[in-house]
Amino acid sequence: MKTLDQAAVGSRVTVKRLHGERALKRRIMEMGLTKGAEIFVRKLAPLGDPMELTVRGYELTLRKAEAALVEIE
Amino acid sequence: MVISLTGNPNCGKTTLFNHLTGSNQYVGNWPGVTIEKKEGLIRGKRDLTLQDLPGVYSLSPYTPEEVITRDYLTKEQPDVILNVVDASNLERNLFLTLQLLELGLPVVIALNMMDLVRKSGDTIDTGKLSQELGCPVVEISALKGEGTEELLKAFSAARDSHQETPECFSGEVLDSLQAIEALLSSRVSNDLLRYHAVKLLEGDVKVQEALALPDEITVQVTSITQDLEDRMEDDGESLITQQRYELIQQLSEAVHKKARATGKMNLSDRIDSIVTHRLLALPIFALVMFLLYFISVTTIGTMVTDFTNDTLFSDWIAVPARAFLESVKVASWLIGLVVDGIIAGVGAVLGFVPQMLMLFFLLGLLEDVGYLARVAFIMDRVFRRFGLSGKSFIPMLIGSGCSVPGIMASRTIEREQDRRMTIITTSFIPCSAKMPIIALFAGALYGNSGWVAALAYFIGVLAVVLSGIILRKTKRFAGEAAPFVMELPPYHLPRLVNILRAAWERGWSFIKRAGSVILISSVVLWFLQAFGVADGRLMMVSDNNTSLLALIGGLVAPVFAPLGFGTWQSAVATFTGLIAKENVVGTFGVLYGFAEVAEDGAEIWARIAADFTSLSGASFILFNLLCVPCFAAVGAIRREMNSAPWTAFALVYQTVFAWFISFMVYQLGTLMQTQSLTTGGILALLCFAAFLFLLFRPRSQPRHPALNMAKAR
């Protein structure tokens, strides 16, 4: 299973499924990371975490710990 | 007609609100939860009331803002919902819109930032969007004030019309929703049928409780939900969210024509690539912080503050007031009360207002251009190490100017535990009012060296870190660091009017406090130190060693004796520090018999040097830096905690923490100096061992494994 935290900077990936505890999962989905959504991995913060993504035309930041809940393909 | 303004955070709601209401507004509080609700009359339309609701991404039951917003909309039922949609971020903004449309109230969409969309060459077909959503869509630019006439017209039209809600759902999800609707049809109004069915399918506990359905219906709803979840292999919440976004994607593809290939860099992207650059980000951050303090605290801010203190409140107000009162032969005690009590006390506090306004202005500027969100992004990794999120950095940054707005800024932290922890620890960061205390002792005991102040900041940060680790290991605060899911808004030019307004609002609430709490406490303090018991009756005393204050100070002093400063003067100075920290210096001045002292107290350095050793001086500074902040900040803690027990916990924690740190420093320092073990030394060693245990013991298991999640701001 490949997850978002493993995606390389500069890559484009598609969300396959979400895992994790309910409230967190819902919040990540509400921000637009639903099944089939395209994500562009923009960059990592200077200290390596969190990561910055472009999703549905805006910039979103997530920690790697949360990104690990997003299964991608 | 009541109009509720809703929308995502950062979609231009506040700008629109300010534009529509002009100055006809006031800030109120929501009952129960401390979130500000603004209300105002629309300019030129006295019959239109506009309410600014908190910015939310959704109507989920997981954050206080969202629950308030949906409870308000479903129970209070405004006449029209005005939904501000950021056209440059259409998809995510429409996610909230689809939920608002289910509430059975007329909705008017204000499509904001269309100028940005056009500038990038994109087009949005608003006519089609309006048709698909079944509600009026008005293009506006809140910044330039365009489109407001059309908006006002749309309100009255919308109120009298019936809007057809678009169908978001399809397939088996729709079938299940309709089955639940059939069960509810006699219990909720037709308008809210879909809303309740969706909430029940999502397993929303708050709505379940509010509906109070009989058991047999609850069982049926549960079985419908369970059945759907089993067949679709996903939970109800995810299925609902999923289908909403699918509809939005179709909508967006139909109405939004993009000119620019996705992924191409625009100006905001280019700025961001420098500001959050892997190597440059931290130096830039350090430079910004330096400039912030250089401008607000050391140069312009101090110049204005010195003027307020020395010229305005002294030469222009206090001196003429005294002369006037003397010329009309007012009793000397009354002159003392007015000039030494009220004018000096309130003036000392108001003197900080210009400095605070300057700091608020600059922080507002950083927030408005979009830099503060990047600070949270850059610093998150550091803060997470001791159980806080990058967002905790902002309250602490503001807290270095004044704890009151710092504590208030903690509101943007979603998870209750983290917010509470930030509220408790923010005042450890030395605020600008604590600087005179440090200057006094640095001058009197440590050869006026500048590193004392630097050390104070370092100790403040260390206290935050250590408290973070210790508290995180207790049951109350157990659990992993809060998730960090945050929008990074595009950079844009600052909107000066908004920033000035926000800075003034913060400053004004401080001034109001200075006029009430601080005024009263100044009078009480003046009374206590001017009056004493002599010859068996209460009278004014010239020697304040015989004053009531000395009496009280003497009673409290033994508490501080183990910390090395058990004189009544130190006890009293610590107490007056509760009114305002900069009072500490003035109090020492008064108590040592000097009528007026400079801000750094140069006149009393000799007396301080006689009463304190370098060790007890350090202990005094430490205690005053870390203990309960001033009353104004305590008020802010009470307001933000919104709970008396939690406020008490915060104050007790701060005081106990300060006492033990000072105790350990003084006793262990003495131990090292004298090389002889006293009772105090043994106790301090035991405390130190206990402290290390609290710091390094294993984590406690969280009581509630399901934790509340983050809303970004």
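Side chains are part of it too, since the values below use all heavy atoms of this structure and drop only hydrogens, waters and symmetry mates. Keep in mind it's a predicted model, so treat the numbers as computed, not measured. Throughout, protein chains are lettered first and strands after them, A, B, ... in sequence-line order, and every chain is numbered starting at 1.
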**Q.** Proximal component of B:S88, with respect to chain A [non-hydrogen, under 4.5 Å]
**A.** backbone
Q: Would you mind checking which part of B:D86 comes under 4.5 Å of any heavy atom in chain A, side chain (CB onward), backbone (N, CA, C, O), both or neither?
A: neither
Q. Hey, are B:D122 and B:K257 close enough for a salt bridge, meaning a charged N less than 4.0 Å from a carboxylate O?
A. no
Q: Enumerate the residue pairs fulfilling salt bridge (charged side-chain N to carboxylate O under 4.0 Å, His left out) with a member in residues 236-245 of chain B, sequence neighbours excluded, ordered by first and then second residue.
A: A:R22-B:E237, A:R26-B:E237, B:E102-B:R244
(Q) Between B:R278, B:R374, B:R92, who has the most heavy-atom pairs with chain A when the cutoff is under 4.5 Å? (A) B:R92
(Q) What I want to find out is whether A:K25 reaches B:D235 closely enough, with some N-O distance under 4.0 Å, to be called a salt bridge. (A) yes
Q) chain A heavy atoms under 4.5 Å from B:Q99: which part of the residue, side chain, backbone, both or neither? A) side chain
Q: Select one option (side chain, backbone, both, neither) describing which atoms of B:I378 are under 4.5 Å from chain A's heavy atoms.
A: both
Q. Are the side chain of B:E229 and the backbone of B:G236 linked by a donor-acceptor contact shorter than 3.5 Å?
A. yes
Q: Pick one of side chain, backbone, both or neither for B:E246, based on which atoms fall under 4.5 Å of a heavy atom in chain A.
A: neither
Q) Under a 4.5 Å heavy-atom cut-off, does chain B meet the side chain of A:L53, its backbone, both or neither? A) neither
Q. Is the count of non-hydrogen atoms from other residues, nucleotides or ligands lying under 6.0 Å from B:E233 atom CD greater than 12?
A. no
Q: State plainly whether the residues A:R42 and A:E59 are in salt-bridge range, i.e. N to O under 4.0 Å.
A: yes
Q. For B:F95, is it the side chain, the backbone, both, or neither that has a heavy atom closer than 4.5 Å to a heavy atom of chain A?
A. side chain
Q: Could you look at B:E91 and say if it's the side chain, the backbone, both or neither that has a heavy atom under 4.5 Å from chain A?
A: side chain
(Q) Please classify the contact of A:T54 with chain B as side chain, backbone, both or neither, using a heavy-atom distance under 4.5 Å. (A) neither
Q) Please walk me through it: do A:K35 and B:D234 pass salt bridge (charged side-chain N to carboxylate O under 4.0 Å, His left out)? A) CA-CA 11 Å; A:K35 195 167 98 184; B:D234 213 341; over 6 Å; no
Q) Side chain, backbone, both or neither: which part of B:L94 has a non-hydrogen atom closer than 4.5 Å to chain A? A) neither
Q: Let me know if B:S273 has heavy atoms under 4.5 Å from chain A in its side chain, its backbone, both or neither.
A: backbone
(Q) Hydrogens and angles aside, do B:E66 and B:S60 bring a side-chain donor and acceptor to less than 3.5 Å of each other? (A) yes
